[in-house]
Number of protein chains: 2
Amino acid sequence: MTVLQQAGEGSRAVKRTIEFIRHHRLQKGDRLPSERELSDRFGVTRSSVREALAVLDALRLTERRPKSGIFLRNALEDSGLDSLVIQANLDLPFDERTMRDVSEARVIFETHAIRLACARRTDADLNRLRGLVANYYSRVQAELNVANEDVEFHLAMAAASQNAIIVRTLTPLFLMSFQWRQKYFSSPVIRRRSLGDHQEFVAAIADRNESRAAALVQKHVHSAFDEVRALAEGNGQPESHNQWVGRDQ
Amino acid sequence: MTVLQQAGEGSRAVKRTIEFIRHHRLQKGDRLPSERELSDRFGVTRSSVREALAVLDALRLTERRPKSGIFLRNALEDSGLDSLVIQANLDLPFDERTMRDVSEARVIFETHAIRLACARRTDADLNRLRGLVANYYSRVQAELNVANEDVEFHLAMAAASQNAIIVRTLTPLFLMSFQWRQKYFSSPVIRRRSLGDHQEFVAAIADRNESRAAALVQKHVHSAFDEVRALAEGNGQPESHNQWVGRDQ
DNA sequence: CCTACCAATCTGGTAGGTCCAGATTGGTAT
DNA sequence: ATACCAATCTGGACCTACCAGATTGGTAGG
């Protein structure tokens, strides 16, 4: 959550490999070059390549068959969510459709999470949320970025659902949009509006008002999505090649 | 989906490391032994340890700080979903609460998925589902296990929602229960009942009958969960230490 | 021309070593 | 008690080597 690790050769091999898959439009079942050839092509050692392949294996993207080769287990489009997080951290862009799906999924999942939170939240949950809002408030007053704090708050709401799986599901959805989230929250106006929303969230959860809370999610996420959409279009990217990811600097 | 890779030293190092974290009850921020000590302790080379750590890094479980050490980024309890998939594949058991959360999350996510599927499914989606049911039928007739086919069908329903993120979210929930799913579907009675449910699913989606489809999900998942629960209790496991994972043989 | 067979080659898996440079740490001198 | 410095420890990357099974290409036999 705190600091993105700067890419070493290991991470770079992951990036190069994913780029290779993209560039060659490899599909499920296709075979990749051997480890030795990849290390040669990427200009790194086989160790680094093997580290990268271990990661891609864990993400269920590739499958290493001993004495045979490396094969694509899934097409890039239907790999796991964590693979999207990795791609985002590596500055590999997503397409418009993926971002739309993420937004829709987040609304769905978070709506249910907050409904459960209204029904099950404990006083400790409520206190934690209030503490987070207080911290959020002071940071907004100090004109500081609140990208991390926003994620923290939303995950805390999810945690109040008392279902750890829901939290773990929402986490990657936030992480993969971490890059532009930072841009989004660079605007003081946005920060203030977001703070107000959070305060309303807490009030609704405190009152156990499910329908109100659910309505707030829709409004909150959709307005954020529209904002980012406008931001991206303002950058002059053509619609069909919208780059939704881009680390600052 | 097809065959679980037999654990090599690389995967074994992952398992040993997770076991180490569990055994020593390491918490977020705690430091692990150095790579050299881990390789020594596990009896494998540092390369294998580094491969394992690369995986744990990708799963957001650990963080390797250059020239400093290896630290736990998250407690095991709130690592990513994919880390649960890995743990399941490594025969590391889950507790009762996790399985309950998974079941609840699956009902929530799949209910929404199937609602969207009713609204958005194309004729191609419908044909695919019918083909899968036909295949399912013939396998049930032939007294074959349908654990894989069941996952395939449910993911195909999710795909009909036209939201790839929802599919990617449901996938790990299925994968992490893959082990006992195989046991569950070893019963011909279960297979027959499951087949009937699937046929009803397709009918509901064909008619775009959202409420009927949603009701079916509740029934389908809950009955399956109850069955597995009874199965686990029948094994004589005490409630508090229920082992929900256990590869056959 | 087709088939069966075998050996050279290629593959991933693992081991074990080196060097590097920055972080950490503990002892020393102030 | 503090400031400082050098030995030590750490992760990052590179390199070579060996193993054994899968793959493959050519050859001998039908």
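In the text below, chain A, chain B and the rest are named by the order of the sequence lines, each starting its count at 1. We use all heavy atoms of the structure for the numbers below, so side chains are in, but hydrogens, waters and symmetry mates are not.
Side-chain atoms of B/Arg139 come within 3.5 Å of backbone atoms of B/Asn145 as a donor-acceptor pair (strictly under, hydrogens ignored).
An OP1 or OP2 oxygen of C/dG13 is reached within less than 4.0 angstrom by a side-chain nitrogen or oxygen of A/Arg64. Under 4.0 angstrom from either OP1 or OP2 of C/dT11 there lies at least one side-chain N or O belonging to A/Ser34. The side chain of A/Thr45 places no N or O atom within less than 4.0 Å of a non-bridging phosphate oxygen (OP1 or OP2) of D/dA13.
Each salt bridge (charged side-chain N to carboxylate O under 4.0 Å, His left out) pair with one or both residues in residues 157-170 of chain B, not counting sequence neighbours, would appear here, but there are none. Applying the ring-ring contact (aromatic ring centres under 6.0 Å, His included) test to pairs two or more places apart or on separate chains, none has a residue in residues 28-60 of chain B. Annotation: side-chain hydrogen bond (donor to acceptor under 3.5 Å, both in side chains) contacts involving residues 14-25 of chain B, sequence neighbours excluded, comprise B/Arg22-B/Gln87.
Among the protein residues, A/Arg46 comes within range of the nucleic acid bases, having at least one heavy atom under 4.0 Å from a base atom.
With a cut-off of 3.5 Å on both pairing distances, the Watson-Crick or G-U wobble partner of D/dT8 is C/dA23.
Along DNA chain D, the nucleotide closest to B/Glu37 and the one closest to B/Ser47 are compared, and the more 5′ of them pairs with B/Glu37. Nucleotides of DNA chain C nearest to B/Ser48 and A/Ile70 differ in position, and the one nearer the 5' end is that of A/Ile70.
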Pull out every protein N or O sitting under 3.5 Å from an N or O of nucleotides 19-23 of chain D, one pair per line with the distance.
from   : atom 1 : to      : atom 2 : distance (Å)
D/dA22 : O4'    : A/Lys67 : O      : 3.3

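Across the protein-nucleic acid pair, B/Arg50 atom CZ and C/dG13 atom C1' stand 17 Å apart, rounded to whole Å. Computed from coordinates, the B/Glu35 CD to C/dG17 P distance equals 17 Å when rounded to whole Å. If you take CZ of A/Arg65 and C1' of C/dC10, they are 16 Å apart, rounded to a whole angstrom. Rounded to whole angstrom, the span from the CG atom of B/Asp40 across to the P atom of C/dG17 amounts to 12 Å. Atom CD in B/Glu51 sits roughly 10 Å away from atom C1' in C/dG12 (whole-Å rounding).
A cation-pi arrangement, defined by a distance under 6.0 Å to the six-membered ring centre and an angle within 45 degrees of its axis, is absent between A/Arg41 and A/Phe20.
Remark: aromatic rings of A/Phe109 and B/Phe109 are close, center separation under 6.0 Å.
Between B/His154 and B/His198, the ring planes lie perpendicular to each other; the angle is over 60°, past the 30° to 60° tilted range.
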Salt bridge (Lys or Arg N to Asp or Glu O under 4.0 Å) between B/Arg60 and A/Asp82, intermediate numbers included:
CA-CA 9 Å; B/Arg60 299 189 298 281; A/Asp82 281 346; 3.0 Å; yes
Apply side-chain contact (heavy atoms from CB on, under 4.5 Å) to residues A/Arg31 and A/Ile70 and explain how you reach the verdict.
CA-CA 6 Å; A/Arg31 182 185 162 163; A/Ile70 307 155; 5.8 Å; no
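A donor atom on one side chain and an acceptor atom on the other are found under 3.5 Å apart for B/Ser194 and B/Tyr136. Between the side chains of A/Ser79 and A/Asn74, no donor N or O sits under 3.5 Å from an acceptor N or O. There is no side-chain donor-acceptor pair under 3.5 Å between A/Asp101 and A/Thr98.
DNA chain D is contacted by no residue of residues 52-59 of chain B, taking any non-hydrogen atom closer than 4.0 Å. Taking every heavy atom of residues 20-28 of chain B and every atom of DNA chain D, no pair lies under 4.0 Å.
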